[in-house]
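Notes follow once the structure below has been shown.
Here is the naming used below: chain letters follow the sequence lines, and residue numbers restart at 1 for every chain.
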Amino acid sequence: MLDKYNFRESEPKWEKFWQENNVNSFDKNSKKEIFSIDTPPPTVSGKIHIGHIFSYSQADFVARYKRMRGYNVLYPFGFDDNGLPTERLVEKEYGVKAHELSREEFQEMCMNTVEKYEKEFKELFIRDGISADWAHSYNTISKRVQKLSQKSFLDLVKKGHAYYGEKPAIWCPECQVSIAQAELESKDIASTFNHIKFYISGSKDYLEIATTRPELLSACVCVFVNPDDKRYAHLVGKKVIVPLYDFEVPVLTDEKADIEKGTGAVMCCTFGDETDLYWQQKYNLPIKEAISDGGRMTSLAGKYEGLKIKKAREEIIADLKLNDLLISQEEIVHAVATHERCGTPMEIKIKKQWFISLVDNKKLFLENGEKINWYPNFMYSRYSNWVDNVDRDWCVSRQRYFGVPIPVWYCSKCGKIILADEKDLPVNPLTTKPSKTCECGSTDFIPESDVFDTWQTSSITPQINAMWGEDDEMYKKIMPMSLRPNAHDIIRTWDFYTIAKSYYHSNCLPWKNVMVSGFVMADKNEKISKSKSNSKMSPEMLLNEKSADVTRYWASTGSLGRDIVFSEEEFKNGAKLVNKIWNASKFVLSFLENYEPKQTKLLPMDEWIIAKFNQMQKYFIDYFEKYEIGLAMAELERFFWNFCDNYIEIAKNRLYKPEIYGESAKESAQFACFVVLKEMLKMFAIYLPHITEEIYQNYFVRFENIKSIHNTEISAIAVKTPEEIISNGDEVCDIVSKIRRYKSENNLSLKEEIELLTIQGYSNFVKRVEYDIKAVGNVKEIKYQDGDKNIDIKMLNK
RNA sequence: GGGAGUUUAGCUCAGUUGGUAGAGUACCUGCCUUACAAGCAGAGGGUCAUAGGUUCGAGUCCUAUAACUCCCACCA
């Protein structure tokens, strides 16, 4: 019935079949309970790596499980295509710089690139058997999503959660864009502590100050010492002279000046770091800008104007040396906040920007986060840890091109902010004008040219999926969504912002459950990274060389939330399992040709395997309800190998030889084989959708009358089995195992005939299945006696 | 410095409510058994990180400690 299995032919065949037959479709009109998944829209940045395959497969297991447990599953799939990653990709692919082109030209390039990659991504995910409903897909740059993103923004403005303000923002001089706190990454960078002379005004003495950023001397506004620092008490209130620039700054005191650090005296520049910002605000210090948006020195820096930060630092140090102002240098490694995308140390710049308030509502975000079930549970502390530490509002303006426009204008006369009308969305303020005149009567407006941070849009994926503002009934039905699956790196961005937005928009949770998957590591302590190209296998290689099913098996093996090190070895078990499933099915089905399933009087060992199956399924379901997909699989797998190695070995004699054991003994085995294999395959279908479909379509489809195995339901086998059957049957396996051990220890073939088997101390149950024991052990005669549990074997030729 | 995770067989990991230490893999031994040698059967292999405590009984609960990992903070 089944022949050879060739995954290279079979897998794409069924993938096509599923798409054509809408096997994974969400049914809007169904009365079934909805299970909805807020799939992470992958960033279009060129490559999908095996980490994606790993975590998307894990989410897919849940989708398939829920579908087969009778839920109406909404499994949408989006692409996050706007934003910096795409721009960088396009700049690289076309060899252009965004700012050298017109906005339209550049956007068109982006659109083309995005389209190309999204097609590739989609094909790859389909190839992995991801059962998303592609009719419910979206991309963040589409008109529809732009509209929702802008609607979200306007809603926040109206509710007072988004505001326009001139505030210090975190600035990346490399990307020339403002970034959010969540986009910072702390990096250990080698630097030099430079001990510099600040002469005391009107004196030959100097104050020694240690700094890693001498290039900011021109932006120095004062010097701080600790109020308790006796060394400098005499200088407080005096003035010191900034070296090279020869202007005076006051010496002030503040607790934040650390006596232990450096020399205990610190220069405050606007802005070298967050502490400078703190001091500037606390003491209302003047603001001096020494660094331009592009990371070059401004005219304030005098002769260093135009130099890049690093170069300016070198030259200033050289000049300090030359003028005998440098006392000493000390090599250090210190943590520096950098832009996670490019690794450039951040700067602080005062900019007029749009912000979404976060700091004021931290408590509510924590409370809402706590209401969500986090799997594994400890991942909640990642979230709460982050929220606790948030100390700035979310800057959402980006001085970039390919993104959702901020739908506002500013009156050129009175400066009033004009918001776009919701009915006009999506709006591009650069190409359209407000529909009415300004209150001051002016009709001249300055359009906002910034676009949104990409997270401003990605943080409303539940709203996008639930048709917010488009279908109220659907929105009420879907929100909060059932599940958010994502890896642990984006808890602080995607999870956090999404929780915040849902609270602001609808005072609700975005989802009930979060399932956090681990990372695939290239090596211990080494993340897979594109730049290092340390990933030994690409997703394409895995899918084409190992098969999608085997790759998915690999994805099922890790513990939820824990990182795993990639190892090709781990694919061996999957390959063995797939092969075994095929062979076992082939064998079992060879006895089921022309079989018509009918309830028969079952023999005990057939009841046993059914009872074992039902028991295993309970554990399986328990694990799945906790999103423990790996443990669920282990449970199923263990049962399956037991089914093969014990049950089939027992049953096959009755299947082969009805003339000896009787027709009804065969029918009993047939029934058990039929139901157990069928139900087992359904469970395997969650993980191994292709091979199980192949077997199902070859045989079981005509009994189930359902077009795909993936549309069937997982359920217990409805056969009543006696209470004691499991332990009784296990005892039989124990006896069989002892027989095998005897033969193995005596270097005998397992088919060697046993003249006399004496079974001692086992329950009476074994007598009832004597024929099975005889058959599987090739035993001529069995005797029973009382005593401690044991067996004795007599061979003829011994 | 704050938060979290991990530590069980050579390796990768299970171990539910406390009750005689488990699987897979590797190694070793045997078996061509009328599905599968990508198979089957079997053997050896563990002071459950350490030290205390609770308990009749602790891998499991409590307290400390150590090592490794991750997140956050640390830019003078």
Side-chain angles (χ1 to χ4, degrees), chain A residues 2 184-189 191 193-194 196 209-213 216 223-225 256-258 261-269 272-276 279 332-338 345-346 376 378-391 488-489 491-492 518-519 521 524-525 527 557-559 561-565 567 569-570 572-573 575-591 619 622-623 626 628 630-631 634-635 637-638 641 644-645 648-649 652-653 656-657 736-737 739-752 776 778:
Chain A
L2 298 181
L184 291 176
E185 186 181 42
S186 166
K187 245 169 71 171
D188 282 337
I189 290 182
S191 184
F193 231 157
N194 303 284
I196 301 173
I209 281 182
T211 179
T212 54
R213 301 204 63 184
L216 289 176
V223 167
F224 279 105
V225 298
K256 275 211 173 197
D258 189 339
K261 222 167 185 175
T263 64
V266 51
M267 68 172 190
C268 173
C269 309
D273 64 17
E274 296 267 345
T275 319
D276 289 342
W279 280 326
I332 55 155
V333 174
H334 63 171
V336 177
T338 63
M346 62 114 165
F378 65 80
M379 284 297 178
Y380 172 70
S381 48
R382 282 260 180 126
Y383 173 80
S384 64
N385 192 218
W386 175 258
V387 177
D388 275 337
N389 283 304
V390 165
D391 54 11
H488 54 62
D489 57 330
I491 290 174
R492 71 181 194 176
F519 263 29
M521 310 288 279
K524 221 184 165 202
N525 313 339
K527 282 182 191 169
T557 52
S559 281
R562 214 178 297 168
D563 296 346
I564 64 156
V565 176
S567 149
E569 279 288 293
E570 300 297 322
K572 262 171 44 186
N573 286 343
K576 271 170 64 173
L577 175 66
V578 167
N579 185 48
K580 188 81 175 178
I581 289 174
W582 184 258
N583 281 322
S585 301
K586 192 163 90 173
F587 182 63
V588 165
L589 295 183
S590 71
F591 296 104
Y619 290 131
D622 280 351
Y623 277 131
K626 292 184 280 186
E628 285 288 0
L631 297 179
E635 206 64 51
E637 212 185 336
R638 193 155 34 126
W641 289 92
C644 291
D645 299 338
I648 293 184
E649 286 303 316
K652 75 179 181 186
N653 299 287
Y656 268 123
K657 297 172 196 160
V736 170
S737 168
I739 294 171
R740 285 166 173 169
R741 183 182 306 142
Y742 177 87
K743 289 181 177 175
S744 199
E745 279 170 355
N746 291 285
N747 294 354
L748 297 169
S749 161
L750 290 179
K751 68 171 182 185
E752 200 82 23
V776 75
N778 196 15

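Contact of A/Ser744 with B/A41 (side chain to base): a donor-acceptor pair of N or O atoms is detected under 3.5 Å. Counting atom types as modelled, A/Lys657 pairs a side-chain N or O with a base atom of B/U34 as donor and acceptor under 3.5 Å.
For A/Arg741, the listed nucleotide lying nearest its side chain is B/A43; candidates were B/U33, B/A43, B/C36. For A/Asn573, counting side-chain heavy atoms from C-beta on, the closest listed nucleotide (B/C36, B/C75, B/U25) is B/U25. Nearest nucleotide to the A/Lys576 side chain, out of B/C40, B/A76, B/U25: B/U25. Closest approach to the A/Ala257 side chain among B/A76, B/A38, B/U25 is made by B/A76 (side chain taken as heavy atoms from C-beta onward).
Taking the nucleotide of RNA chain B with the nearest heavy atom to each of A/Ser381 and A/Leu631, the more 5' of the two is matched to A/Ser381. Between A/Glu569 and A/His334, the residue anchored nearer the 5' end of RNA chain B, judged by the nucleotide with its closest heavy atom, is A/Glu569.
Using atom C1' as the reference point in both B/G42 and B/G3, the two lie 49 Å apart (nearest Å). To the nearest whole angstrom, the two C1' atoms, one in B/C13 and one in B/U7, are 12 Å apart. Comparing B/G2 with B/A64, their P atoms sit 14 Å apart, to the nearest whole Å. Look at the C1' atom in both B/G22 and B/G46: the space between them is 11 Å, to the nearest Å. Here, B/U20 and B/G24 have their C1' atoms 23 Å apart, quoted to the whole Å. Comparing B/U60 with B/C48, their C1' atoms are spaced 10 Å from each other, to the whole Å.
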Quick test: give all pairs of protein nitrogen or oxygen and nucleotides 69-72 of chain B nitrogen or oxygen below 3.5 Å, distance rounded to 0.1 Å.
{"unit_1": "B/U69", "atom_1": "OP1", "unit_2": "A/Asn525", "atom_2": "ND2", "d": "3.3"}
{"unit_1": "B/C70", "atom_1": "O2'", "unit_2": "A/Arg382", "atom_2": "NH2", "d": "2.7"}
{"unit_1": "B/C71", "atom_1": "OP1", "unit_2": "A/Lys527", "atom_2": "NZ", "d": "3.3"}
{"unit_1": "B/C71", "atom_1": "O2", "unit_2": "A/Asn385", "atom_2": "OD1", "d": "3.4"}
{"unit_1": "B/C72", "atom_1": "OP1", "unit_2": "A/Arg492", "atom_2": "NH1", "d": "2.0"}
{"unit_1": "B/C72", "atom_1": "O2'", "unit_2": "A/Asn389", "atom_2": "ND2", "d": "2.9"}

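Considering only heavy atoms from C-beta on, A/Leu2 comes within 4.5 Å of A/Ser585 through its side chain.
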For RNA chain B, the expected dot-bracket line (Watson-Crick or G-U under 3.5 Å, [ ] crossing, | inter-strand) is (((((((..((((.....[..))))..((((.......))))......(((((..]....))))))))))))....
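For the OP1/OP2 pair of B/C75 and a distance below 4.0 Å, the side-chain nitrogens and oxygens of A/Ser191 include no atom meeting the criterion.
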